[in-house]
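These notes are about the structure you will find just below.
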Amino acid sequence: MGRRRQGETKNGRAAAETTEQVASESRTDRLRIRAAWMYFVEQMTQNEIADVLGVGRVTIVRMLADARSRNEVKISIESELSEIVRLERALERTFGLQQALVAPLSAPNADPIPAISAKTGSFLSDTMKSGMRVGVGWGRTLFSSLPFISAKSLTDFKVISLLGGVGVVRRFNPAEFAWRFAQIFQGDGYLIPTPAVVDSVETKIALVERCGLQEVFEMANVLDAVLLSVGGIASATTFSRGGFLKEADREALLARGAVGDLLFHFFDRNGDLVDHPVNSHVMSVDVDRLRKAPIRILTSGGAEKTEALLGAMNLIAPTILITDEESARRMLEVHAAQGSP
């Protein structure tokens with residue numbers, strides 16, 4: 001029995017090492033194709049590419065030579081990643097992003113959440129560092145990214161939930177995601193132990209000032225990164241998952257031009273908050289504080305969220321956008337058709 005367990009352990013370790021190797025190779029391939037695209041298609045200099053990708057010029061020279069030796073560069077870049085890279089670069093230029101990450105789909109009508117979540121998990125595994133203060137939102141996309149995040153121990157790592165919890169325990173409870181995200185990195189989690197929406201501004205002020213929540217909200221002033229997703233106004237997802245708003249509220253928000261919500265802050269296509277009481281009754285960190293974080297990660301996708309994603313480009317001005325290829329195309333097409341607000 002002992003020998004079998006040892007063999008199983010070795011096999012498990014070998015499988016894990018193989019998985020890590022494949023993931024590393026995939027990231028290397030993707031970086032190499034991005035470098036080749038920028039150099040041969042966009043005519044950027046090697047120094048410019050090094051600045052954009054955050055690597056040394058010698059690394060760029062090596063990647064370009066590797067791309068040529070693999071016959072990925074002929075008259076055009078021949079790789080299944082080339083269309084993805086084109087979309088990423090178009091998103092970066094159009095919306096002023098530091099980086100766009102686009103997940104490929106198996107079919108145009110496929111559910112984009114699994115692909116976006118996997119891409120998000122991989123990005124977070126590489127981006128989270130010791131000493132960081134990270135504010136997090138909630139939603140299906142974020143929750144589904146948890147299995148794709150590589151667990152590691154980070155020192156002095158703090159996770160701050162940016163939104164109050166829900167009254168009924170649900171899969172996408174903000175507190176549940178924040179707590180599990182903190183556990184992955186063996187960090188400390190800070191929660192807002194209140195409903196996501198309260199009945200009045202007075203109640204909100206009382207909870208913050210008299211119930212020990214001031215410290216959590218003050219931590220939002222010194223965040224290193226925020227991790228957010230958006231909800232679409234057209235579907236009932238935003239409302240049914242928390243049970244806070246009635247259909248009459250949704251209709252009123254629609255009438256005021258709302259296209260989606262970020263942490264229950266409802267906004268229009270221009271990225272402006274709409275005139276509705278919920279925006280002052282929500283127990284979440286306000287958008288102005290979120291925009292102060294140097295790293296602002298927005299991860300979302302789906303046909304019903306196109307307008308919400310476009311509005312969020314102005315509302316939160318993300319530095320990192322993670323979405324799927326169909327959502328990326330829709331965003332670019334609608335933005336081009338409507339023009340920037």
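For clarity, every value in this text was computed on a predicted model and none was experimentally measured.
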Which residues pass the side chain to side chain contact (heavy atoms under 4.5 Å, CB included) test with Ser284, sequence neighbours left out? Leu163, Leu263, His265, Val282

Between Val102, Leu321, Leu97, which is the residue that forms a side-chain contact (heavy atoms from CB on, under 4.5 Å) with Glu88? Val102

Contacts of Asp224 meeting salt bridge (Lys or Arg N to Asp or Glu O under 4.0 Å) (sequence neighbours excluded), chain-then-number -> none

Inter-residue atom distance Leu262.CG - Leu290.CG, 0.5 Å rounding: 7.0 Å

Can you tell me how far the CD1 atom of Ile33 sits from the CG atom of Asp66, to the nearest 0.5 Å? 9.0 Å

Which residues share a ring-ring contact (aromatic ring centres under 6.0 Å, His included) with Phe217, sequence neighbours left out: none

Going by salt bridge (Lys or Arg N to Asp or Glu O under 4.0 Å), name the residues that satisfy it together with Arg291, two or more places apart in sequence or in a different chain. none

Distance-only criterion, 3.5 Å: show the donor-acceptor pairs between side-chain atoms of residues 103-119 and protein atoms not counting sequence neighbours.
unit_1: Asp111; atom_1: OD1; unit_2: Ile113; atom_2: N; d: 3.1
unit_1: Asp111; atom_1: OD2; unit_2: Arg140; atom_2: NH2; d: 2.4
unit_1: Ser117; atom_1: OG; unit_2: Ile113; atom_2: O; d: 2.8
unit_1: Ser117; atom_1: OG; unit_2: Thr141; atom_2: O; d: 3.1

Residues at least two apart in sequence or cross-chain that pass side chain to side chain contact (heavy atoms under 4.5 Å, CB included) with Glu48, listed by chain then number, are Met44, Thr45

Output field: ring centroids Phe185/Phe157 closer than 6.0 Å: yes

Verify salt bridge (Lys or Arg N to Asp or Glu O under 4.0 Å) between Arg330 and Glu333, making sure each step is shown before the conclusion. CA-CA 5 Å; Arg330 282 191 296 267; Glu333 290 169 0; over 6 Å; no

In chain order, what residues pass the salt bridge (Lys or Arg N to Asp or Glu O under 4.0 Å) check against Arg289, with sequence neighbours excluded? Asp286

Got Trp37 and Ser82 here, is their nearest side-chain heavy-atom distance under 4.5 Å? yes

Residues in side chain to side chain contact (heavy atoms under 4.5 Å, CB included) with Gln183, at least two apart? Trp179, Arg180

Could you note down all residue pairs passing salt bridge (charged side-chain N to carboxylate O under 4.0 Å, His left out) where residues 144-155 supplies at least one of them, sequence neighbours left out? none

Taking salt bridge (Lys or Arg N to Asp or Glu O under 4.0 Å) as the test, write out the residues that go with Lys158, two or more places apart. Asp156

With salt bridge (charged side-chain N to carboxylate O under 4.0 Å, His left out) as the rule and sequence neighbours excluded, what pairs involving residues 308-319 come up? none

What's the separation between atom OG in Ser150 and atom CD1 in Ile184, rounded to the nearest 0.5 Å? 9.0 Å

Point-to-point distance, once rounded to the nearest 0.5 Å, from CZ of Arg34 to CE of Met63: 10.0 Å

Under the rule for ring-ring contact (aromatic ring centres under 6.0 Å, His included), what residues qualify as partners of Phe95, not counting sequence neighbours? His335

Do Glu307 side-chain atoms and Val259 backbone N/O form a donor-acceptor pair below 3.5 Å? no

Straight-line distance of Arg329 CZ to Thr323 OG1, nearest 0.5 Å: 11.0 Å

